[in-house]
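Owing to the predicted nature of the structure, the values given are computational and were not obtained by experimental measurement. Atoms considered below: every heavy atom in the structure, side chains included; atoms not considered: hydrogens, waters and symmetry mates.
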Amino acid sequence: MLLTFINLFFVVSEGPSGTPTSDDALGQHHELVREKIMSTTKYVYKTLFLEEQGSDIKIVALNRTWNLHRLYLSQSPYFNSMFNGIWLETNQKEIHIGIEDENITACALHKVFGSFYQDEIHINPLEAVSILACATLLQLDDIIFSVLKL
């Protein structure tokens, strides 16, 4: 029993090849096994955004519907104001957004909505104008500045 307890204590170091190793309390040398698991961000993006699990609001725009989450959309001042004000949309389960800017595409909206569920957005220079238009509509300063740096 005591030996089992002692074996729980390891000293972690790097082996000659840079591989993590450990020495147990008895001086035995062990190579550590690393296993890549899905990060929380990737899980949230996949499960909540792509698979639309637990959605509590529908956003309809440009002949497309997104099943999203108020909590994540509230990162946008546009939606935060909509959800927390005395607006018609405050308690609605489905919100229709009239898009008048011809630069805004469904693909760009999808990418910007997806950015609420992860900690980055990849912007292709060919879609920069559309992303910028979406970010401007939704008042997303970080994305606006990212596009302007391209």
Side-chain angles (χ1 to χ4, degrees), residues 7-24 29-150:
N7 281 331
L8 294 175
F9 294 95
F10 292 92
V11 177
V12 177
S13 59
E14 281 190 7
S17 65
T19 307
T21 61
S22 67
D23 294 324
D24 63 21
H29 198 62
H30 304 278
E31 189 168 316
L32 296 178
V33 176
R34 287 190 179 185
E35 202 169 314
K36 185 76 174 166
I37 59 172
M38 186 182 298
S39 71
T40 300
T41 303
K42 287 180 182 176
Y43 177 80
V44 165
Y45 180 76
K46 177 182 173 286
T47 307
L48 299 182
F49 182 65
L50 295 178
E51 296 174 2
E52 303 176 336
Q53 291 184 26
S55 169
D56 61 357
I57 190 160
K58 290 179 187 281
I59 302 296
V60 180
L62 300 174
N63 298 316
R64 179 143 181 215
T65 301
W66 287 269
N67 295 301
L68 303 173
H69 305 81
R70 288 175 182 267
L71 179 67
Y72 286 92
L73 290 173
S74 291
Q75 296 173 82
S76 158
Y78 175 89
F79 285 113
N80 191 38
S81 174
M82 182 185 294
F83 298 152
N84 294 301
I86 48 172
W87 308 103
L88 177 64
E89 296 89 355
T90 298
N91 296 312
Q92 289 183 333
K93 297 289 184 193
E94 183 171 302
I95 296 174
H96 293 261
I97 301 175
I99 305 290
E100 298 188 23
D101 186 338
E102 62 207 29
N103 293 309
I104 296 177
T105 64
C107 182
L109 263 178
H110 183 79
K111 190 168 251 193
V112 170
F113 287 154
S115 75
F116 295 137
Y117 295 81
Q118 51 189 347
D119 55 1
E120 61 187 12
I121 183 170
H122 297 283
I123 304 168
N124 178 328
L126 297 175
E127 62 190 1
V129 172
S130 293
I131 298 288
L132 179 61
C134 291
T136 301
L137 172 69
L138 302 177
Q139 304 166 359
L140 299 169
D141 292 341
D142 289 343
I143 295 177
I144 292 169
F145 294 133
S146 293
V147 172
L148 295 176
K149 285 192 240 176
L150 291 176

Listing, residues 91-101 side-chain donor-acceptor contacts under 3.5 Å, not counting sequence neighbours, or none:
unit_1: E94; atom_1: OE2; unit_2: H96; atom_2: NE2; d: 2.8
unit_1: D101; atom_1: OD1; unit_2: N103; atom_2: N; d: 2.8
unit_1: D101; atom_1: OD1; unit_2: N103; atom_2: ND2; d: 3.2

Side-chain donor/acceptor pairs under 3.5 Å, residues 134-149, sequence neighbours excluded:
unit_1: T136; atom_1: OG1; unit_2: L132; atom_2: O; d: 2.8
unit_1: Q139; atom_1: OE1; unit_2: Y78; atom_2: N; d: 3.2
unit_1: S146; atom_1: OG; unit_2: D142; atom_2: O; d: 3.0

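- Here the CD1-CD1 distance, from I131 to I123, works out to 6.0 Å after rounding to the nearest 0.5 Å.
- The ring pair (Phe, Tyr, Trp, His ring centres under 6.0 Å) search around Y117 returns F49, H69, Y72, not counting sequence neighbours.
- Listed by chain and residue number, K111 satisfy the salt bridge (Lys or Arg N to Asp or Glu O under 4.0 Å) test with E127 (two or more places apart in sequence, or in another chain).
- No side-chain heavy atom of I59 sits less than 4.5 Å from a side-chain heavy atom of L109.
- Taking the side chain to side chain donor-acceptor pair (under 3.5 Å) definition, one finds that E102 meets it with nothing, sequence neighbours left out.
- In this structure, K58 has no salt bridge (Lys or Arg N to Asp or Glu O under 4.0 Å) partners at least two apart in sequence or on a different chain.
- Within the model, atoms OG of S74 and CE of M82 stand 10.5 Å from one another, a figure rounded to the nearest 0.5 Å.
- Note: F83 CZ to S76 OG = 8.5 Å, rounded to the nearest 0.5 Å.
- Sorted by first and then second residue, the salt bridge (Lys or Arg N to Asp or Glu O under 4.0 Å) pairs with a member in residues 43-56 read K46-E51; sequence neighbours excluded.
- For H110, the side chain to side chain donor-acceptor pair (under 3.5 Å) partners two or more places apart in sequence, or in a different chain, are R64, W66.
- Ring planes of F113 and F79: tilted class, angle from 30 to 60°.
- Within the structure, side-chain hydrogen bond (donor to acceptor under 3.5 Å, both in side chains) contacts touching residues 79-90 (residues at least two apart or in different chains) are N80-N84.
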